[in-house]
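Let me begin by presenting the structure, written as structure tokens, before commenting on it.
These numbers come from the heavy atoms of this one structure, side chains and all, not from hydrogens, waters or symmetry mates. This is a predicted model, so every value here is computed, not measured.
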Amino acid sequence: MATITFSIWQLMKKNNTPGVRWIRPDKKDFPDKYDKNLDSLKGINHVKISSEFNYIFFTIESGSLEPRDDYVIDKTSKQKRKNPKKETEIELLKQLFAYYDYKTNLLYLSDVRNRKHFEDIIHEITGENFLLKGIYEEKEKFLELLSNVEEIKFTTKNNIFSGNSRKRNSLKEFIGTPEIPDLTLDIKANSHSFNPVKLVNDLMKEEDDCAISGLLIRGKDESGFELVYNQETFIKKITVDAEKIAGKFNADDIKINLQSRIKEIDNDRTKQER
């Protein structure tokens, strides 16, 4: 058995009709079954989809033409020989799994670093634009511990502070144009008394509303230890045990054990709420 970690996200689809910008996708947005090899920049993504009434499960196996050595070495004999793999052949050694629960609007992704990769693939499959919005834990704890702020960094979207015209007008004056493009702001401070609690809270809310992305807050607690808030460190995660065959996870085992883990967490949450 091996362990695999899933980060937890909300899956949002861009709304193409008047109204809110991002909406929850549903079953009709995805194919019931899918099993194809898709070209990538350096190789191939093999995408397989299975679904039922209440979920959809993605298995994505990727490979590249490079790197490829001219020779291979036998582990037992230590003998070197010409690589039998042709220059046009690809081994699908990289695995990514995603499980989306229609009922809870929660998406479980097996590698947080491949979030954009997954968004691009489901866009290619469906033609729609999707966004993974983080499910964070301990935001309140982070704010409790934060004594002073040394850096705030985020990327604006074109609807930043859409509900607050004063802040939007201030941003227009700051950049000198009424047209507000996506831009990255990096605010650094040397003052130990700099602790803009309201700004930090506002930015966290804007992040929840998909108005900004890439929010990073760096500061220190009262003892001088560094605290960092960003998506990768504060995103909620769960771990799952699954079998590996020839160094690769068994997709069916991943799905079954992940479903069992999700059910276990839901049962624990129900007990706590009683």
* **Expected output: side-chain Thr155 to main-chain Gly214 donor-acceptor under 3.5 Å** => no
* To do: First locate atom OH of Tyr108, then atom CD1 of Ile262, and finally report the distance between them rounded to the nearest 0.5 Å.
  => 4.0 Å
* To do: Examine distances only and state if a side-chain atom of Asp253 and a backbone atom of Glu243 form a donor-acceptor pair shorter than 3.5 Å.
  => yes
* Think Lys82 forms a cation-pi with Tyr71, using NZ or CZ under 6.0 Å from the six-ring centre and within 45 degrees of its axis? -> yes
* Val197 and Leu143, any side-chain heavy atoms less than 4.5 Å apart -> no
* To do: Could you tell me how the ring of Phe118 sits relative to the ring of Phe58: parallel (under 30°), tilted (30 to 60°) or perpendicular (over 60°)?
  => perpendicular
* Single-linkage hydrophobic cluster, 4.5 Å side-chain cutoff, Phe154 and Leu199 together -> yes
* Asked: Are Ile238 and Ile265 side-chain neighbours, meaning at least one heavy-atom pair lies under 4.5 Å?
  -> yes
* To do: Report yes or no: does Asn105 contribute a side-chain atom to a donor-acceptor pair with the main-chain N or O of Leu11 at less than 3.5 Å?
  => yes
* Asked: Does the side chain of Leu203 reach to within under 4.5 Å of the side chain of Ile217, using non-hydrogen atoms?
  -> no
* Would you say Lys244 and Asn250 make side-chain contact, with heavy atoms under 4.5 Å? -> no
* **Which atom of Ser64 lies closest to which atom of Ile90, heavy atoms considered** => N-CG2, 3.7 Å
* To do: Using the test salt bridge (charged side-chain N to carboxylate O under 4.0 Å, His left out), find all partners of Asp120 that sit at least two apart in sequence or belong to another chain.
  => Lys116
* Asked: Do the side chains of Leu109 and Tyr34 join up, straight or via other hydrophobic residues, at under 4.5 Å, putting them in one cluster?
  -> yes
* **From CA spacing to verdict: side-chain contact (heavy atoms from CB on, under 4.5 Å), Asp202, Lys198** => CA-CA 6 Å; Asp202 284 347; Lys198 188 175 186 310; 3.2 Å; yes
* Under 3.5 Å, side chain of Arg218 to main-chain N/O of Lys153, donor-acceptor pair present? -> no
* Within 45° cone and under 6.0 Å: Lys13 NZ/CZ vs Phe130 ring -> no
* Asked: How about Phe57 and Phe97: do any of their side-chain heavy atoms sit closer than 4.5 Å?
  -> yes
* Asked: Considering residues, nucleotides and ligands other than Lys80, do more than 12 of their heavy atoms fall under 6.0 Å from its NZ?
  -> no
* Asked: Looking at CD of Glu52 and CD of Gln259, how far apart are the two atoms once the value is rounded to the nearest 0.5 Å?
  -> 8.5 Å
* Structure fact -> Looking only at heavy atoms, the pair that brings Gly219 and Leu146 closest together is CA-CD1, 4.0 Å
* Pairing residues for Asn83 by the side chain to side chain donor-acceptor pair (under 3.5 Å) criterion, not counting sequence neighbours -> none
* To do: Output yes when Lys14 and Glu128 qualify as a salt bridge under the 4.0 Å nitrogen-oxygen rule, no when they do not.
  => no
* Asked: Using 4.0 Å as the upper bound for N to carboxylate O, is an ion pair formed by Lys27 and Asp32?
  -> yes
* Asked: Is Asn15 reaching over with its side chain to a backbone N or O of Val20, donor-acceptor style, under 3.5 angstrom?
  -> yes
* Close side-chain approach of Ile125 and Pro31, heavy atoms under 4.5 Å -> yes
* Determine, stepwise, if the pair Ile60 / His46 fulfils side-chain contact (heavy atoms from CB on, under 4.5 Å). => CA-CA 6 Å; Ile60 302 167; His46 176 214; over 6 Å; no
* Asked: So, for Phe249 and Ala2, which heavy atoms are closest and what is the spacing to 0.1 Å?
  -> CE2-CB, 3.8 Å
* Structure fact -> On a heavy-atom basis, the closest approach of Lys86 and Glu89 is N-OE1, 2.8 Å
* To do: Determine, stepwise, if the pair Ile8 / Leu107 fulfils side-chain contact (heavy atoms from CB on, under 4.5 Å).
  => CA-CA 6 Å; Ile8 306 175; Leu107 182 128; over 6 Å; no
* Asked: Roughly how far, to the nearest 0.5 Å, is the NZ atom of Lys28 from the OG1 atom of Thr126?
  -> 12.0 Å
* Is it possible for you to say whether Leu96 and Leu92 belong to one hydrophobic cluster, with membership spreading through side-chain heavy-atom contacts below 4.5 Å? => no
* Is there a donor-acceptor pair under 3.5 Å between the side chain of Asn114 and the backbone N or O of His117? -> no
* Asked: How long is the gap from CG on Leu93 to OG on Ser62, to the nearest 0.5 Å?
  -> 10.0 Å
* To do: Give a yes or no on whether the backbone of Asp241 and the side-chain of Asn257 come within a donor-acceptor separation of less than 3.5 Å.
  => yes
* Determine, stepwise, if the pair Glu150 / Lys220 fulfils salt bridge (charged side-chain N to carboxylate O under 4.0 Å, His left out). => CA-CA 8 Å; Glu150 296 179 346; Lys220 290 182 179 177; 3.6 Å; yes
* To do: For Tyr99 and Tyr55, run ring pair (Phe, Tyr, Trp, His ring centres under 6.0 Å): C-alpha distance rounded to whole Å, both residues' side-chain angles, the deciding distance at 0.1 Å, then the answer.
  => CA-CA 7 Å; Tyr99 181 96; Tyr55 76 85; 5.1 Å; yes
* What's the spacing between Asp26 CG and Ile56 CD1 if we round to 0.5 Å? -> 11.0 Å
* Side-chain (Glu119) to main-chain (Leu132) donor-acceptor, under 3.5 angstrom -> yes
* CA sep, side-chain torsions, deciding dist, call: Lys85, Glu91, side-chain contact (heavy atoms from CB on, under 4.5 Å) -> CA-CA 9 Å; Lys85 190 178 72 169; Glu91 292 180 282; 3.7 Å; yes
* Sequence neighbours excluded, which residues qualify as side chain to side chain contact (heavy atoms under 4.5 Å, CB included) partners of Thr104? -> Asp101, Leu106
* Donor-acceptor pair, side chain of Ser260 and main chain of Ile256, under 3.5 angstrom -> no
* **side chain to side chain donor-acceptor pair (under 3.5 Å), paired with Glu61, selected from Gln95, Lys94, Lys48** => Gln95
* Asked: With a 4.5 Å limit on heavy-atom distance, are the side chains of Phe30 and Ile49 in contact?
  -> no
* Please round to the nearest 0.5 Å and tell me the distance separating atom CG of Asp111 and atom OG1 of Thr5. => 9.5 Å
* Decide yes or no for Glu124 and Leu38: does some side-chain heavy atom of the first lie under 4.5 Å from some side-chain heavy atom of the second? => yes
